[in-house]
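Down below is the structure, laid out as C-alpha cells.
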Amino acid sequence: MRYATTLPALLLGAYLSLSAMPAAQAADDTIVFGAPAWPGISVKTEIASQLLSTLGYRPKTEEIGLQVIYQGLDSGDVDIFLGAWLPAQQPMLAPLEEKGSVRRLATNVTGAQMTLAVPEYIYDSGITSFADLDAHRDEFGGEIYGFGAGSAASEILHKAIDADTWGLGDWTLVDTSTVGMLSAVKSHIDNHEPIVWVGWKPHWMNLEFPMHYLSDSKNLFGKGNGASDVRTLIASTYAKAHPNLVTFFDQFTFSSAEQSWMIQQYGQVGESQQAVAKAWIGAHPEQVRAMLEGVKTTAGEPAWPAVRAAFSL
C-alpha cells in the first residue's frame, strides 16, 4: 500500500497539511473533499469533482486518514466527506453532530455492510459465526486481518479483543491496509488456508473471492450484523454558505452494484480514478441528470446543459 509510515506520523503529516491549507471558505467556489485511500470513496469523490468542475467549482481532494477527516469537518478545513459508514463511525460523528459542526446529507450508497468474512471452504466446514472462531483459534493463528489502524473496524475489533467478546481476548488484529489485507486474503485462498478478515460491500472482493460473512448475534459491527448506511457529511458552516451544493449532494447517490464496479475497475483492474469516473458519467446520463436537478453553475445557469455539453451526454 502507499502508506509506508506509521499512523502517528501519518496523522501528524495530515494535520500539518490541513493546517497549512487555506480555509475552505476562502473562495466561494472551492470545495475541499476529505478522502481516505479507499477505492470506492476515491472514485465517488472523483465523479463529484469532475461534475462540479464543469459547473465552475474548484474541487480539491485531501487524501488523509479517517480521524483527520472528522477533525477537518469540525474545524472547517474539510467541506465534504463521502464515506461516513454508519453506525461503525458513529462514535466519531456523534460529538460533531451534538456540537452542530457537521450535517448528514444523503445515503450515497445503498445495500452496504461491513463485518467479518471467511473463505467459502471455511464457512462450509462449519465456521459460520463469530461464536465459532475461538474454538478454531490455532487454525487461524489467532489473527484477524484488518485494513488500517484508526479505521472504525479497527476500533470495533480492538474493543472486542479488550473485552474478550466471543473469546477474542487472546487474538491479534493484523492492521495492514486495504491492499495488504486483500493480498493476504488472496494468498490464503489460493493455498486453501484459513483466514478471517474485515469484509464489506460494495467491493470487488464480493465478486472475485469465494467468501461468506459470519453471523454475529451481538452485532459488534452494528445493527443487522454491520448493515451500513453510507452517508455524505458536510461541514455545517459550508452547508449554510452553499445551498446549491447541498442540493447536489442530497441527490448524489449510487447502488451497491455501481460502486462495486467502480471499486473493481480502480482497485483491481488498475484504471485511474479519473478514467473510471469519466466512464461512469458517460454511461449514466439519466442518473447524472437526476443528480443535477435544481442545481446551478457558479454563474447561476442550470447545471445539466453545462454537464451534458462537457461530457457529450
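All heavy atoms count here, side chains included; hydrogens, waters and symmetry mates do not. Note that the coordinates shown come from a computational prediction; the quantities given were computed from them, not determined experimentally. Throughout, residue positions are numbered sequentially from 1 according to the sequence presented.
A parallel orientation is assigned to the rings of H212 and Y123, their planes being inclined by less than 30° (bins at 30° and 60°). Relative orientation of the W200 and H203 rings is perpendicular, given thresholds of 30° and 60° on the angle between their planes. Ring pair H242/Y238 is parallel by interplanar angle, where below 30° counts as parallel and above 60° as perpendicular.
Using a 4.5 Å cut-off on side-chain heavy atoms (C-beta onward), L182 and W204 make contact. The side-chain heavy atoms of L116 and V198, taken from C-beta on, include a pair separated by under 4.5 Å. Side-chain contact between W38 and L66 is present, with at least one heavy-atom pair separated by less than 4.5 Å. Contact of the E62 side chain with the V32 side chain is registered, since non-hydrogen atoms from C-beta on lie closer than 4.5 Å. R104 is listed as a side-chain neighbour of L86, based on a closest heavy-atom distance under 4.5 Å. I80 places a side-chain heavy atom less than 4.5 Å from the side chain of I31.
Tested against V196, the residues L214, I122, I127 include a single side-chain contact (heavy atoms from CB on, under 4.5 Å) partner, L214. When N206, T115, T128 are each tested for a side chain to side chain donor-acceptor pair (under 3.5 Å) with Y213, only one passes: N206. Tested against R58 for a side chain to side chain donor-acceptor pair (under 3.5 Å), the candidates T30, T298, D28 yield a single pass: T30. For the side chain to side chain donor-acceptor pair (under 3.5 Å) with Y266, the qualifying choice from Q274, Q273, E46 is Q273, the only one to do so.
Remark: E293 CD is loosely packed, at most 12 non-hydrogen atoms of other residues, nucleotides or ligands lying under 6.0 Å away. Counted within 6.0 Å of NZ on K240, heavy atoms from surrounding residues, nucleotides or ligands total 12 or fewer; the atom is thus considered open.
A donor atom on one side chain and an acceptor atom on the other are found under 3.5 Å apart for D132 and S129.
When all heavy atoms of A152 and A88 are compared, the pair lying nearest together is CB-O, 3.4 Å. Taking both residues in full, the closest heavy atoms of V78 and F33 are given as CG1-C, 4.3 Å, listed atom of the first, atom of the second, then distance. Of all heavy-atom pairs spanning D134 and W166, the tightest one is CB-O, 3.8 Å.
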**Request:** Go through E208 and K186 one step at a time and tell me if the salt bridge (charged side-chain N to carboxylate O under 4.0 Å, His left out) criterion holds.
**Result:** CA-CA 9 Å; E208 299 293 329; K186 184 180 186 303; over 6 Å; no
- Query: When you look at Y145 and F147, which way does the ring-ring contact (aromatic ring centres under 6.0 Å, His included) test go after all the steps?
  - Reply: CA-CA 7 Å; Y145 282 79; F147 56 87; over 10 Å; no
Go through the steps to decide whether D164 and W171 satisfy the test side chain to side chain contact (heavy atoms under 4.5 Å, CB included), and finish with yes or no.
CA-CA 9 Å; D164 196 26; W171 285 60; over 6 Å; no
